[in-house]
Amino acid sequence: MNPFVADPEWGWWITLYFFLGGIAAGAYFVATLIDLVGQEADRPLARLGYRLAFPLVALCGIFLTVDLERPERFWHMLFQSEVVREAVDAGWPWGGWGTMLRAAQLKWWSPMSIGAWVLALFGLWSSISFLMTFRGGEILARWLGQNWRGHLFRITGSCLGFFIASYTGALLTATNQPLWSLSDWIGPLFLTSASSTAIAVMLLFGRGVSDETRHRLERADLWALGLELILFLIFLASLGGLLPLVLTTWQGWFLVAGTLLAGLLIPLTLHFGLLPLGASRVTLAALFALAGGFLLRYGVVSLAPALLQPLDMHLQSVNEPLAGSTPGIALIAVTVLLALAIPMGLHRQWRLSWGWTSLAWGVSALAVGGVLFYSTRPTSPRAMVPIIALVKISPEDGRERGGGVGASIYNRPELLRLRTKIVESNK
Amino acid sequence: MADAVGFFTDTTLCIGCKACQVACHEWNALPAGRRKGVSTSLPLVTADLPPLSGDSYDNTGSFSDVNWRHVKFIEQDRPGTQRVAWLMMSDVCKHCVNAPCLEVCPTSAILRTEFDTVFINEPACNGCRDCVAACPFGVIHMSEERHVAQKCTFCYDRLRNQMQPACAQACPTQSIQFGMVEELRERAKKRIQQLHGQNVPEARLYGEDDKVLGGLNSFYLLLDKPETYGLPSNPQLPSTTVPTGSLWSIVAAFFTFLGIMFAFRERRQPRGKATPKGDRP
């Protein structure tokens with residue numbers, strides 16, 4: 001683990017992007033699934049999903065641009081500026097299209113680079129789906145309606161959405177920052193949180209839909225929350241010996257207690273109907289799930305800089321197995337308890353048959369297994385599937401000294417502009 | 001592409017004079033800069049610190065947008081005595097053979113030069129700070145004036161004009177040695193042998209072989225473990241985390257898809273009647 005890094009100062013804009021981008025992506029794929037397998041009565045909910053997705057994505061684009069130190073250069077993520085200049089000189093957009101196509105820039109091994117492209121594409125997809133929910137978009141809606149073209153379009157959009165929801169985690173992991181670079185589970189955790197927060201927003205705004213639809217949405221929420229809970233517990237275990245240190249910071253408590261209680265356990269308790277709250281039960285569950293989803297993003301993003309100083313002081317202890325510490329024992333105990341209790345709760349409160357309850361216990365056992373796997377060994381980030389970690393996706397990986405440009409495939413040193421004291425005539 | 005150039009920094013020779021830091025400021029026209037506190041949380045709070053740090057002779061504290069070199073003063077208690085020993089080291093961008101910053105840079109503003117060094121092409125940088133998060137050595141910082149990423153250029157302009165980097169030229173003790181990496185590696189190995197022969201068994205090289213990020217073009221001779229000098233033993237190349245994370249994300253996406261699909265699929269009987277066999281709430 002590395003406390004010697006600098007803080008990238010990814011703050012509120014990035015946290016909000018992770019949170020709202022997740023909701024947008026989640027809303028889009030829930031809407032797609034309703035369109036694919038849902039009933040006619042559920043359609044208004046799908047429409048709500050599409051109407052949520054695009055405005056949120058647009059907002060995310062603005063947040064990301066504002067967060068840049070040079071916002072006017074936001075398009076440098078997608079195009080090489082000097083080739084664009086060539087294209088403009090060649091008369092683009094009236095000509096020079098060949099040059100413009102060459103100007104595109106994509107480094108698929110860099111989450112931020114591919115994320116910028118997918119965000120742009122998801123913006124396009126969600127804007128079309130957004131337009132189709134309104135009066136003026138009828139022609140589009142007929143062409144991309146309940147037919148193979150429409151299904152293909154929406155499934156593609158959902159895949160883009162799934163990508164947006166999870167790559168934000170991969171973006172954090174693909175660094176050398178403490179906590180972020182330690183766990184492979186931030187991406188999948190953000191993905192499941194995207195679905196639970198999106199369903200929460202749909203539960204809040206979808207007041208006009210039928211009770212039947214609301215009931216199905218609540219079932220979907222139960223699943224999303226359950227999955228998120230499993231991944232969150234495995235994520236905590238994957239932090240290994242860093243977890244006790246995480247709990248010495250208030251950001252750590254925001255993350256662990258905030259997400260676990262507000263984001264997961266309280267909504268699950270409410271969905272189980274264990275509290276006599278009547279009609280406000282679902283609304284309250286949705287509000288808590290949203291708060292938890294935000295605390296998850298806030299906690300993860302703010303923890304890396306917060307851990308630099310404590311980590312510098314406790315560099316040795318963080319490699320110890322988690323199970324040897326109090327937080328580790330507590331985590332294992334909580335996981336076992338929840339793994340037993342939640343399937344039982346589903347059986348009693350949601351009339352789950354014994355067959356499905358057994359399956360739920362089986363899935364819970366996976367969570368217990370995951371937590372035990374990580375907490376009983378010295379902290380090692382990529383321990384679970386070491387073979388996949390050997391896959392090389394970047395030209396920089398394995399590059400040798402003097403071995404070419406590596407990952408800077410758009411390298412054009414002849415265009416470098418230098419700040420220098422050397423006068424040209426000296427050459 | 002020409003052979004790699006690099007620095008071999010022999011920390012046993014460093015006397016902490018900071019001539020390298022001054023030469024770097026001088027050549028690259030870098031201002032003195034303010035010393036800022038470390039931001040610890042959101043909202044990002046940084047405060048100006050007094051010009052004298054009280055931390056040994058180190059008053060710049062760390063790398064910054066205007067400190068591309070940083071001389072470290074590490075005070076160590078000598079066991080059994082009341083004395084304190086100094087380890088001194090002039091730190092700089094490592095110009096990694098597998099460079100994390102260059103790998104993640106989404107605008108390709110970070111380039112590999114013909115000298116195998118890593119260079120930030122300022123006009124392309126849009127200030128996303130992914131390189132800051134990626135660098136395992138805390139080298140890169142954002143310019144407060146130009147709002148682009150800043151770090152050691154390995155004096156690219158001087159190299160292009162057959163001059164050696166300003167810091168290496170200024171170093172009065174040959175602690176910072178500039179040259180072709182292969183030649184420097186030979187020199188470093190000889191120096192290690194010499195030190196081991198003089199009963200300094202703790203002397204070791206850092207970044208000379210390919211173990212740290214494929215090798216560091218700026219590598220070090222240290223007298224203690226790398227962490228003592230604020231250097232990570234095992235930094236990672238960002239892209240190596242992507243396949244595993246992607247695998248779990250795809251698995252999670254599949255299960256999310258499955259669960260929500262089950263929740264919304266057609267049901268033969270309306271709710272309120274007997275629960276259908278195999279029904280999931």
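Letters A, B, ... are given to chains in the order of the sequence lines, protein chains preceding strands, and every chain is numbered from 1. Below, each value reflects all heavy atoms present in this structure, side chains not excepted, and no hydrogens, waters or symmetry copies.
For A:Glu400, the part lying under 4.5 angstrom from a heavy atom of chain B is the backbone only. For chain B, the nearby part of A:Ser195 is the side chain; its heavy atoms alone come within less than 4.5 Å. In this structure, chain A has a heavy atom under 4.5 Å from the backbone of B:Ile140, while its side chain stays farther away. Using a 4.5 Å cut-off between heavy atoms, B:Leu247 contacts chain A through its side chain alone, with no backbone atom that close. Interface remark: A:Ile199 contributes side-chain atoms only to the contact with chain B (heavy atom separation under 4.5 Å). Contact of B:Glu122 with chain A is made through backbone and side chain together, with heavy-atom distances under 4.5 Å. With a threshold of 4.5 angstrom between heavy atoms, B:Ile260 approaches chain A through its backbone and through its side chain. Both the backbone and the side chain of B:Ala99 come within contact range of chain A, judged by heavy atoms closer than 4.5 Å. Using a 4.5 Å cut-off between heavy atoms, A:Leu33 contacts chain B through its side chain alone, with no backbone atom that close. In this structure, the portions of B:Asp130 lying under 4.5 Å from any heavy atom of chain A include both its backbone and its side chain. Contact of A:Asp67 with chain B is made through backbone and side chain together, with heavy-atom distances under 4.5 Å. Proximity to chain B (any heavy atom under 4.5 Å) is shown, for A:Gln177, by both the backbone and the side chain. A:Leu106 does not touch chain B: none of its heavy atoms, backbone or side chain, sits under 4.5 Å away. With a 4.5 angstrom heavy-atom cutoff, B:Phe257 touches chain A via backbone and side-chain atoms both. At a 4.5 Å heavy-atom cutoff, A:Met1 makes no contact with chain B through either its backbone or its side chain. With a 4.5 angstrom heavy-atom cutoff, A:Phe74 touches chain B only via backbone atoms. With a 4.5 Å cut-off on non-hydrogen atoms, A:Leu217 touches chain B through its backbone and its side chain both.
A 4.5 Å side-chain heavy-atom check between A:Pro188 and B:Val251 finds every atom pair outside the cut-off. Residues B:Leu111 and A:Tyr410 fail the side-chain proximity criterion, which asks for heavy atoms closer than 4.5 Å. Considering only heavy atoms from C-beta on, B:Asp116 comes within 4.5 Å of A:Arg399 through its side chain.
Interface remark: of the candidates A:Pro111, A:Ser394, A:Ser166, A:Ser394 forms the most heavy-atom pairs closer than 4.5 Å to chain B. Taking B:Val104, B:Thr107, B:Val132 one by one and counting their heavy-atom pairs under 4.5 Å with chain A, the maximum is reached by B:Thr107. Per-residue heavy-atom pair counts under 4.5 Å with chain A were compared for B:Ser249, B:Gly215, B:Ala252, and the maximum is reached by B:Ser249. Most heavy-atom pairs under 4.5 Å with chain A, from the set B:Asn217, B:Asn234, B:Ile110: that is B:Asn217. Of the listed residues (A:Thr175, A:Leu171, A:Ile14), the one with the most heavy-atom contacts under 4.5 Å to chain B is A:Thr175. Of the listed residues (B:Gly230, B:Ala149, B:Gly214), the one with the most heavy-atom contacts under 4.5 Å to chain A is B:Gly230. For the set A:Glu228, A:Met384, A:Arg382, the entry with the most heavy-atom pairs within less than 4.5 Å of chain B is A:Arg382. If you tally non-hydrogen atom pairs under 4.5 Å between each of B:Ser233, B:Ala124, B:Cys131 and chain A, the highest count goes to B:Ala124. Per-residue heavy-atom pair counts under 4.5 Å with chain A were compared for B:Pro100, B:Gly6, B:Pro235, B:Cys105, and the maximum is reached by B:Cys105.
Across all non-hydrogen atoms, the minimal contact from B:His147 to A:Glu69 is ND1-OE1, 3.0 Å. Summarising the geometry of B:Ser108 relative to A:Lys107, their closest heavy-atom pair is OG-CD, 3.7 Å, with the distance given to 0.1 Å. Taking all atoms of both residues into account, the shortest heavy-atom contact from A:Ser181 to B:Gln236 is CB-NE2, 3.0 Å. Nearest heavy atom pair, residue B:Thr241 against residue A:Asp184, reads O-OD1, 4.1 Å. Heavy-atom minimum distance, B:Pro243 versus A:Val391: CG-O, 4.0 Å. Here the closest heavy-atom approach between residue A:Arg401 and residue B:Val97 is recorded as CG-CG2, 3.2 Å.
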Apply side chain to side chain contact (heavy atoms under 4.5 Å, CB included) to B:Met261 and A:Leu36, showing your working.
CA-CA 9 Å; B:Met261 200 181 69; A:Leu36 271 181; over 6 Å; no
Test side chain to side chain contact (heavy atoms under 4.5 Å, CB included) on B:Met163 and A:Ile422; report intermediate values, then the result.
CA-CA 11 Å; B:Met163 297 157 79; A:Ile422 298 170; 4.0 Å; yes
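By the 4.0 Å N-to-carboxylate-O rule, B:Arg112 lies close enough to A:Glu396 to be salt-bridged with it.
Within a 6.0 Å sphere centred on CD of A:Gln316, heavy atoms belonging to other residues, nucleotides or ligands number 12 at most. Counting non-hydrogen atoms of other residues, nucleotides and ligands closer than 6.0 Å to OH of B:Tyr229 gives a total above 12. Atom CZ of B:Phe255 is surrounded by 12 or fewer heavy atoms from other residues, nucleotides or ligands within 6.0 Å.
The closest donor-acceptor contact from the side chain of A:Trp10 to the backbone of B:Cys128 lies under 3.5 Å. Of the possible polar contacts, one joining the A:Asn2 side chain to the B:Pro136 backbone as a donor-acceptor pair under 3.5 Å is found.
Rounded to the nearest 0.5 angstrom, B:Asn121 CG and A:Ser408 OG are separated by 11.0 Å. Note: A:Leu227 CG to B:Thr256 OG1 = 5.0 Å, rounded to the nearest 0.5 Å. For the atom pair NZ of A:Lys421 and CD of B:Glu26, the computed distance is 5.0 Å after rounding to the nearest 0.5 Å. The CZ atom of A:Arg73 sits 7.0 Å away from atom SG of B:Cys125, with the distance rounded to the nearest 0.5 Å. Atom CZ of A:Phe162 and atom CZ of B:Phe254 lie 10.5 Å apart (nearest 0.5 Å). Rounding to the nearest 0.5 Å places CZ of B:Phe137 at 8.0 Å from CG of A:Asn176.
Between A:Trp185 and B:Trp248, the angle of the ring planes stays under 30°, which puts this pair in the parallel group of the 30/60° scheme.
Partners of A:Phe79 by ring-ring contact (aromatic ring centres under 6.0 Å, His included), not counting sequence neighbours, listed by chain and number: A:Trp117.
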